[in-house]
Colleague: 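Below you'll find the structure I mean.
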Amino acid sequence: MPVSTIPETKQQMFRPGRLAVAVCAAGLCMMNGAVIAAEWTRSASLNVGQIYTDNVELASDNEKDDLITVVRPTVSASGQGARASVDLNAALELNDLSGGSDNFVPLVNARGNVEMIEDFFFTDVYARSYQVRTDPFRRSGDTALNRAENADTTYMVGISPYVQRRLGGFANAYSRYRTDRQISEDNGFDDSVQQEFDASFVSGDDFTRLDWGLYGNTRTTDYSNNAGTGRGQDNDYSSADLRLGYRLNRQWRLTSSVGHEWREYDADTQDRDENTWDAGFVWTPNPRTSLNVGYGDRYFENKPRFDLSWRSKRVELRAKYEH
């Protein structure tokens with residue numbers, strides 16, 4: 001089997017990542033009690049093939065060809081209950097590439113949601129494994145099936161509880177906490193832990209012409225520096241803003257916002273704290289067409305923005321610009 005070609009030391013290196021995914025997967029399995037009477041759909045498949053490339057190292061000269069054997073079993077399952085749901089898509093890619101390339105590539109996307117308190121308190125649990133570029137400035141193919149050695153298997157596990165409540169027609173309240181851990185299998189880049197909290201309090205259906213909203217967000221990312229670059233890359237970001245809108249008639253609506261951003265990067269000697277503002281309008285001549293135009297100021301530069309969308313029964317077009 002191709003997996004036998006992986007050195008023992010490499011097998012040991014990705015065990016922590018696999019363990020992290022397993023822990024989160026166990027959390028998803030614990031949710032089965034809430035979806036035990038759910039409606040389930042399952043599927044499985046097996047793909048076996050060979051891929052020929054005339055430049056397996058993605059080199060600009062001295063190109064080398066190769067014939068790669070690939071085996072990929074895939075499973076998926078989805079369960080939907082009254083107050084919980086689970087979705088799992090997983091594939092295991094095995095190949096016979098030589099050199100420093102990965103012969104074992106797990107691809108997992110799992111997510112679960114539970115309604116802890118009816119119409120109020122919910123929790124998301126998620127786990128992923130996927131391939132990312134180690135260096136975005138080096139050559140890299142569309143997949144890991146090459147010997148450029150610029151891809152690393154990454155594992156991510158996280159949990160995100162949140163609450164939402166509709167306060168009659170006056171307002172809608174929402175707040176979410178999210179924490180996740182990202183793990184590099186081969187230490188190609190720094191592992192990280194991210195924590196984020198965001199909240200909003202926006203006007204309800206009672207406000208027909210004037211609408212308003214209060215928004216807040218804070219996010220912290222801590223890096224382990226296991227890639228050995230010798231540079232700290234932790235960063236913090238927070239923002240708060242007030243948004244106001246006024247509907248002139250069925251077709252025209254004015255928009256505005258004022259707020260403040262706080263940014264701190266360990267890789268930068270200067271903090272980026274700045275007041276922000278934005279003003280614009282939304283034009284909706286009919287239910288199929290919408291144009292959102294505005295101009296705003298953030299810490300990097302003043303820039304215009306627009307978002308145009310149009311749809312018919314079978315066609316949808318969209319043009320958007322944002323800096």
Side-chain angles (χ1 to χ4, degrees), residues 24 27-28 31 34 83-85 87 111-128 156-182 192-223 233-247 253-266 271-280 282 292 294-300 303 305 307 320 322-323:
C24 196
L28 291 170
M31 300 170 65
R83 298 179 61 175
S85 63
D87 291 288
R111 179 183 177 274
N113 175 270
V114 176
E115 185 179 16
M116 313 293 289
I117 301 176
E118 187 174 3
D119 294 332
F120 178 66
F121 181 34
F122 306 81
T123 299
D124 288 335
V125 180
Y126 50 94
R128 294 181 61 200
M156 176 183 286
V157 293
I159 186 169
S160 178
Y162 62 98
V163 296
Q164 57 186 26
R165 173 67 73 180
R166 182 173 180 175
L167 305 177
F170 174 72
N172 298 309
Y174 171 86
S175 64
R176 177 188 286 269
Y177 170 76
R178 180 186 299 107
T179 181
D180 56 55
R181 180 175 180 83
Q182 182 170 283
S192 65
V193 175
Q194 185 174 94
Q195 298 188 70
E196 182 174 10
F197 176 79
D198 59 87
S200 63
F201 190 72
V202 302
S203 57
D205 297 336
D206 289 348
F207 296 84
T208 55
R209 284 190 174 272
L210 176 68
D211 60 271
W212 50 267
L214 295 169
Y215 297 83
N217 173 271
T218 181
R219 180 175 65 249
T220 301
T221 309
D222 297 318
Y223 295 90
Q233 297 290 328
D234 298 349
N235 64 73
D236 298 283
Y237 168 77
S238 298
S239 67
D241 61 289
L242 167 66
R243 304 176 194 179
L244 295 173
Y246 185 78
R247 182 170 297 279
R253 176 173 167 265
L254 302 179
T255 64
S256 65
S257 71
V258 292
H260 194 86
E261 289 182 318
W262 298 265
R263 296 173 179 267
E264 181 180 349
Y265 302 101
D266 282 356
D271 294 344
R272 305 285 184 169
D273 296 349
E274 187 98 12
N275 293 325
T276 63
W277 60 265
D278 185 273
V282 179
N292 190 333
Y295 190 89
D297 178 28
R298 297 185 64 184
Y299 75 96
F300 43 83
K303 282 295 181 180
R305 58 172 177 82
D307 189 347
K320 182 176 181 179
E322 187 175 28
H323 183 70

Colleague: If you take all heavy atoms of E115 and E118, which pair is closest and at what distance?
Modeller: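 Nearest pair, atom of E115 first, then E118: OE2-CA, 3.2 Å.
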Colleague: Start with the C-alpha distance between D241 and R243, add both sets of side-chain angles, then the distance that settles salt bridge (Lys or Arg N to Asp or Glu O under 4.0 Å), and finish with yes or no.
Modeller: CA-CA 6 Å; D241 61 289; R243 304 176 194 179; 2.6 Å; yes
Colleague: Dump the intermediate steps for side-chain hydrogen bond (donor to acceptor under 3.5 Å, both in side chains) on R219 and N235, then the final yes or no.
Modeller: CA-CA 8 Å; R219 180 175 65 249; N235 64 73; 5.4 Å; no
Colleague: Please tell me if the side chains of E261 and R298 come closer than 4.5 Å, counting only heavy atoms from C-beta onward.
Modeller: yes
Colleague: Find the distance between CG (D236) and CZ (R263) and round it off to the nearest 0.5 Å.
Modeller: 11.5 Å
Colleague: So do the side chains of H260 and D273 get within less than 4.5 Å of each other, counting heavy atoms only?
Modeller: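 Yes. Closest side-chain heavy atoms under 4.5 Å.
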Colleague: Drop me the distance from S256's OG to L254's CG, to the nearest 0.5 angstrom.
Modeller: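 Those atoms lie 8.5 Å apart.
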Colleague: Between N217, T220, T221, T218, which is the residue that forms a side-chain hydrogen bond (donor to acceptor under 3.5 Å, both in side chains) with E196?
Modeller: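 Single side-chain hydrogen bond (donor to acceptor under 3.5 Å, both in side chains) partner of E196 among N217, T220, T221, T218: N217.
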Colleague: Hey, could you give me each pair passing side chain to side chain donor-acceptor pair (under 3.5 Å) that has a residue in residues 161-174? Not counting sequence neighbours.
Modeller: N113-Y162, R166-D205, Y174-R176
Colleague: For the CZ atom of R247 and the CZ atom of R253, what is their distance to the nearest 0.5 Å?
Modeller: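 Reported value, rounded in 0.5 Å steps: 6.5 Å.
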Colleague: Can you measure from CG (L244) to CH2 (W212) and round to the nearest 0.5 angstrom?
Modeller: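 The CG atom of L244 sits 10.0 Å away from the CH2 atom of W212.
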Colleague: How close do M116 and R83 get, counting heavy atoms only, and between which atoms?
Modeller: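 Looking at all heavy atoms of both residues, the shortest contact is O-NH2, 3.2 Å.
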Colleague: Less than 4.5 Å apart, any side-chain heavy atom of R305 and any of N292?
Modeller: yes
Colleague: Do Y215 and D198 have side-chain heavy atoms sitting under 4.5 Å apart?
Modeller: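 Y215 vs D198: side chains apart.
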Colleague: Do R178 and D180 meet the salt-bridge criterion of a basic N to acidic O distance under 4.0 Å?
Modeller: no
Colleague: If you look at every heavy atom in S160 and Y126, which pair is closest and at what distance?
Modeller: CB-CE2, 4.3 Å
Colleague: If you compare all heavy atoms of F201 against all heavy atoms of A173, which two are closest, and at what distance to 0.1 Å?
Modeller: CD1-CB, 3.9 Å
